[in-house]
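Below: one structure, written as structure tokens.
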Amino acid sequence: MMRIAMLGSGFIGRFYADSLQGQRSRDKIVSIYSRREESAKKFADDYQVAHWTLDMEEAIARPEVDVVCVSLPNNLHETAVNLCCKHKKAVICTKPLGRNAQEAKRMLEAVEKAGIFHGYLEDLVYTPKFLKALQSVQDGALGRILWAKSRETHPGPHSEWFWDKEQAGGGCMLDLGCHCVEIGRSFIGKDIRPVEVMCWADTQVKPIDAEDHAIGLVKYENGAIGQFEVSWTFRGGLDLRDEVMGTEGTIWLNSFLRTGFDMFTTGKGADYVAEKAESNTGWLFPVGDELNELGYNHMFTDMFNAMESGKAPRESFYDGYVVNAILDAAYKSAASKKWEPVELEIWRGREGVTKDKTLQDYNDQYYLVKEEMTHFGAKKLILKDKKTGQIIEQTI
């Protein structure tokens, strides 16, 4: 059993609480910290938490607390993590880890110096569909991965602090791009170094200082490309989609908006439908098990099982740091309109990876460009002469 101090009683804190006291059943939130008394009391009542406080350090330092779950605004992550280090408490932190790579690096170095367990709560790399897809990729079903694309768009976040650039550290690119970057990085290989980023970002709709729409490309050392599409201006709900393309196959994932559950209602008696749903009337797309389909259950199970076995979880503060470094480059690129290098002062993956061979032998004379079956039953080959470079066509 894990005894948890929850820092933050808002939207994500409640999502976490529903899952924490759900799938494993034996874990319990024993203390709740909130910045607002009424919110702390309500959370404590709703989740039967014995202790609530407006003092962050008090919640962390309580002797019965095994692990601290940070579900606070981005600008408070480092303060919370440093207090966990001070009191030698295991810490799991919501995404993004920091507002930038330097902030994330300080947190990574702090937890490692303190010798405490640290987990990065990136739920979308724990969804059942993603885990199944990742296993297929790692088993070689798609061959060499060439391109991994991830999209998250919706009408905007729930709490006011997200819209404040100083508290959040950025706009939709930091808020949603952190998901997409780690999804792409996982499919391509977390041991493959991201080298540079090209990004467009703009404030198209919302009256804010940060970006509300962004598209970016992340180039990896082995020649693979990661792509992210994020927006707080999308109308229609929460759209989560991933695509992976390899030399031997393709995977398409639709994790939320269209999952095979369509419903029409006039709205009579309707209430909450799904996260980021814009309406409770008309055609709606509910989600069968929101906590599970968004990855929360599998994420916390991995975190606590890893903690109990003395191992690192799938996602650690190091992963959060790498994601922040990639997004720092994306912000630089959006400003410069150029490819910008990913600056990683700490790199723990493979070194000197080169682009894999792309030429496929057909025989001693030719490379195979393409092979297909025609509509009239014959096999067609497109071949390239190894010596002359001439492209020819053969029908068998």
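Residue numbers count from 1 along this sequence.
Legend: ring pair (Phe, Tyr, Trp, His ring centres under 6.0 Å) pairs involving residues 103-130, not counting sequence neighbours, sorted by first then second residue: H118-F317, F130-F187. Among pairs with a residue in residues 356-376, none fulfils ring pair (Phe, Tyr, Trp, His ring centres under 6.0 Å), at least two apart in sequence or across chains.
Each of Q204, E229, K206 was scored for a side-chain hydrogen bond (donor to acceptor under 3.5 Å, both in side chains) with H213, with one residue passing: Q204. Put simply, the residue from K105, R348, R106 that forms a salt bridge (Lys or Arg N to Asp or Glu O under 4.0 Å) with E112 is R348. Partner of W232 under the side-chain contact (heavy atoms from CB on, under 4.5 Å) criterion, chosen from V205, L176, T203: L176. Under the side-chain contact (heavy atoms from CB on, under 4.5 Å) test applied with M107, the options V81, V91, N324 reduce to a single match, V81.
Using cut-offs of 30° and 60° for the angle between ring planes, the Y16 and Y296 rings count as perpendicular.
Heavy atoms of other residues, nucleotides or ligands lying less than 6.0 angstrom from CH2 of W252 number 12 at most. By the 6.0 Å contact criterion, CD on Q138 is enclosed, its count of non-hydrogen atoms from other residues, nucleotides or ligands being greater than 12.
We find that E122 and K190 are not joined by a salt bridge, their nearest charged nitrogen and carboxylate oxygen being 4.0 Å or further apart. Under 4.0 Å is where a charged nitrogen must lie from a carboxylate oxygen, and between E166 and R99 at least one such pair does. By the 4.0 Å N-to-carboxylate-O rule, E37 lies close enough to K41 to be salt-bridged with it. For the pair K370 and E372, the salt-bridge criterion is met [side-chain N within less than 4.0 Å of a carboxylate O].
To the nearest 0.5 Å, atoms OH (Y331) and CG (L174) are separated by 5.0 Å.
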inquiry  = Test salt bridge (Lys or Arg N to Asp or Glu O under 4.0 Å) on D242 and K129; report intermediate values, then the result.
reply    = CA-CA 10 Å; D242 305 321; K129 289 178 182 176; over 6 Å; no
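Checking H51 against E58 by side-chain atom types alone, a donor-acceptor pair falls below 3.5 Å.
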